[in-house]
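All chains are named by letter (A, B, ...) in the order of the sequence lines, taking the proteins before the strands, and each is independently numbered beginning at 1.
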Amino acid sequence: DQQVKQNSPSLSVQEGRISILNCDYTNSMFDYFLWYKKYPAEGPTFLISISSIKDKNEDGRFTVFLNKSAKHLSLHIVPSQPGDSAVYFCAASAWGQNFVFGPGTRLSVLP
Amino acid sequence: DTEVTQTPKHLVMGMTNKKSLKCEQHMGHRAMYWYKQKAKKPPELMFVYSYEKLSINESVPSRFSPECPNSSLLNLHLHALQPEDSALYLCASSQFGTSGGQMGNTQYFGPGTRLTVL
């Protein structure tokens, strides 16, 4: 049973436009959510996180939105750059529990 | 500094070999993790060390043996592996581990070791 879902395996966006990556979860006990970015043959790089007590967190070009009632979060990248092309993993955890990762979305930013 | 280092970057071994993967962090983090990642899949948790004690073993076969010599180092000893064990092995660390507060749970990953078992 997949507790964290990323239903879009891939996404293509034009450089300079907004990239929106989506993540859905089923476990209502999750209270901390993170986004990681991964290039091929490298480890995941932490991008941004959000606690369940917030609905938005912003860091430069990256903003994460959390909709607890819908059990949905999204990562917005504005403006998108070719260097943003990577696989993005959503992860979630409940207090005292380990992370659960989604299957990932491959983002391609086209010049 | 959020650096986790892993050696070697690449490893090729036969099914009868014994080898070790090494992970190091100097962030003062008290939890360290081993993950296995296959192509086009998310990382799968293998082991968690919290305050240098093994706290989680996710039903990993005994041919994988973790060791935490001190709070900065984490090893993964490999013996009699199978070709299906070929994968990217990732190490991560976090400030407080699973019992910590939310920000202390953020895990920082190393670059991984690409393991090929022939």
Quiz item: Any idea how A/Y36 and B/F109 line up, ring-wise: parallel (<30°), tilted (30 to 60°), or perpendicular (>60°)?
Solution: perpendicular

Quiz item: Would you call the rings of B/Y108 and A/F46 parallel, tilted or perpendicular if under 30° counts as parallel and over 60° as perpendicular?
Solution: perpendicular

Practice problem: Give, as side chain, backbone, both or neither, the part of A/S51 having an atom under 4.5 angstrom from any heavy atom of chain B. | Solution: both

Quiz item: Should the pair A/D55-A/K68 be classified as a salt bridge under the 4.0 Å nitrogen-to-oxygen rule?
Solution: no

Quiz item: Looking at A/Y39, A/F89, A/F99, which has the largest count of heavy-atom pairs under 4.5 Å with chain B?
Solution: A/F99

Exercise. Taking the six-membered ring for Trp and the single ring otherwise, decide whether the centroids of B/Y33 and B/Y49 are under 6.0 Å apart.
Key: no

Quiz item: Given a strict heavy-atom distance threshold of 4.5 Å, which part of B/Q6 is in contact with chain A: side chain, backbone, both, or neither?
Solution: neither

